[in-house]
Amino acid sequence: MTQQFQKLRALTGMKDTLPGESAQWEALEALVREWLASYGYRNMRTPVLEHTQLFARGIGEVTDIVEKEMYSFTDSLNGDKLTMRPEFTAGMVRATIEHNLLYDRPHRVYAMGPVFRHERPQRGRYRQFHQIDVEALGLPGPDVDAELIVMLARLWKKLGLTDIRLELNSLGQAEERAAHRAALIEHLEAHKDVLDEEAQRRMYTNPLRVLDTKNPAMQEMANAAPRLFDFLGEESRAHFQGVCDRLDDAGIAYTLNPRLVRGLDYYNLTVFEWVTDRLGAQGTVCGGGRYDGLIELMGGKPSPAVGFAIGVERLLDLCSQDGEQPAIPECQVYMVHQGEAAQRKASLLAEQLRDAGLQVIVHAGSSGFKSQFKRADASGAQAAVILGDDELQKEQASVKWLRAADGAEQQQSVEFSELASVLSARI
């Protein structure tokens, strides 16, 4: 009796990226690497798994991520408590401290890859998703905060995205937040009757996050709450003004949002988000800010830092809405052949074409010419190189141009020795 197995599927909230889609990912990643290199940023790669305490200490014990979204487990070999990274910054700061990167100079670094959060999947939010994370480590001034924002404006322009808007705020320094926190708790206590269960739970542990509520019944209370900006001292205000002045110089529009706090405990001074109305409830495409105390908090020498993270899935969603994405060809040249000798010659010629920098697929198997041409056309190749008995005898390949412009030569015979140069010149 044959045993029946349940059909296996990807886990909820974890999405396959198929070859047709991955080509768009690769194009975006290549553009991003070039964009970051133009500002002097270099790649850093950290492990997907870290000690749970790294995120509890760095992100904050009472944040949503640490309280209910992390994928954590106990290592069965040694009992270590481990977590799959829910964001990049904590791991990059850990690596910076461990390898003493800030010993002699600041560093501009970036990372790209998957992060994991156990939350309800919806459009633009998955349990495994991907981020582009950018960090400027050891640099204290408002000029660096502004540079990051200007960088992002350049990226949106490169991608042709026009309806992403910038929201900006300052969280000040720890002592300023402490004074505001006391006033905010007093305000929340006076309006306890309108607080929902989540807000009441956060009222004493993370009252700033209460102001970030989406509950309509709490909006009036949140709008009337004491503003953190009113508690900022002269230095914090000067830093924020320096950011705004530089954005004005660059012609970048922004909205001051006093309720913008971000979801992580490590931020101070500048915080920002780039948001859109085209992604439903999950409208934040990029968020970041300054976190000058995090390196010291995690055991390093006190050093300033600022950074941001971009949600790749959300960014690709936006790009796809601006028109159908062109199909990316599988190759430039498709080798069509008939007979074993022609197939073997096709493989040898293909290596010569690859030496010349061309992308080549040799048809696998021994299909008829008709089905091979159909496959060649579907590949998106610009040319089909045809080899049969006649071509082998003459030592010439027939080149059929599959996407020739009107009036251009459609098919030609080319000596084997000249094939690479002829194809390279036209492709």
Side-chain angles (χ1 to χ4, degrees), residues 29 31-47 50 54-55 57-60 85 87-113 115 131-155 166 168-174 235-247 249-250 252 262 264-274 286-310:
E29 289 164 358
L31 183 149
V32 164
R33 289 190 179 94
E34 180 182 342
W35 161 67
L36 289 168
S38 73
Y39 285 87
Y41 283 80
R42 299 185 300 163
N43 187 230
M44 176 187 283
R45 304 187 185 207
T46 58
E50 299 271 9
L54 171 72
F55 301 112
R57 186 191 304 177
I59 297 174
R85 65 183 178 212
E87 56 99 51
F88 274 101
T89 301
M92 295 176 80
V93 167
R94 190 268 310 148
T96 297
I97 297 168
E98 182 174 341
H99 301 286
N100 205 21
L101 289 187
L102 296 180
Y103 173 74
D104 58 346
R105 61 189 174 91
H107 280 270
R108 288 175 164 89
V109 295
Y110 75 91
M112 290 193 284
V115 291
Q131 287 186 340
I132 300 161
D133 187 90
V134 177
E135 312 289 353
L137 306 168
L139 298 164
D143 55 329
V144 184
D145 302 14
E147 180 184 84
L148 291 179
I149 295 171
V150 171
M151 282 173 61
L152 287 160
R154 178 177 292 274
L155 178 61
L166 173 63
L168 200 62
N169 192 21
S170 175
L171 300 183
Q173 300 290 8
E235 287 188 10
S236 294
R237 288 176 178 267
H239 185 101
F240 189 66
Q241 189 62 50
V243 175
C244 294
D245 288 344
R246 287 163 174 81
L247 296 181
D249 291 344
I252 295 175
R262 304 289 295 145
L264 309 177
D265 278 0
Y266 51 59
Y267 287 112
N268 71 306
L269 293 174
T270 311
V271 289
F272 61 87
E273 289 186 353
W274 290 88
C286 170
R290 182 161 286 281
Y291 53 95
D292 292 336
L294 182 60
I295 295 177
E296 182 180 15
L297 176 67
M298 293 175 60
K301 182 180 178 181
S303 297
V306 60
F308 62 77
I310 303 172

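Reckoned from all heavy atoms, side chains included, excluding hydrogens, waters and symmetry mates. Model, not experiment: these values are computed from the prediction.
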Provide the closest heavy-atom pair for P140 versus H239 in the form atom of the first, atom of the second, distance.
-> O-CE1, 3.4 Å

W274 side chain vs I149 backbone, donor-acceptor pair below 3.5 Å = no

Identify the two heavy atoms, one from H107 and one from R105, that lie closest to each other, and give their separation to 0.1 Å.
-> CD2-O, 3.5 Å

What are the two closest non-hydrogen atoms of I97 and G300, and how far apart are they?
-> CD1-N, 3.6 Å

Result for side-chain hydrogen bond (donor to acceptor under 3.5 Å, both in side chains) between Y39 and one of E147, R108, R154 points to R154

Name all residues meeting the side-chain hydrogen bond (donor to acceptor under 3.5 Å, both in side chains) criterion together with R45; count only those two or more places apart in sequence or in a different chain, and write none if there are none.
-> N43

So do L297 and V93 actually touch side chain to side chain, heavy atoms under 4.5 Å?
-> no

R94 side chain to T46 backbone, donor-acceptor under 3.5 Å = no

Within the side chain of E87, is there an N or O that forms a donor-acceptor pair under 3.5 Å with the backbone of T89?
-> yes

For the student: nearest non-hydrogen atoms of P304 and R290, plus distance = CB-NH1, 3.7 Å

Measure from the side-chain N and O atoms of D292 to the backbone N and O of A305, and report whether any donor-acceptor pair falls under 3.5 Å.
-> yes

Nearest heavy-atom contact between G289 and V306 is O-CG2, 3.3 Å

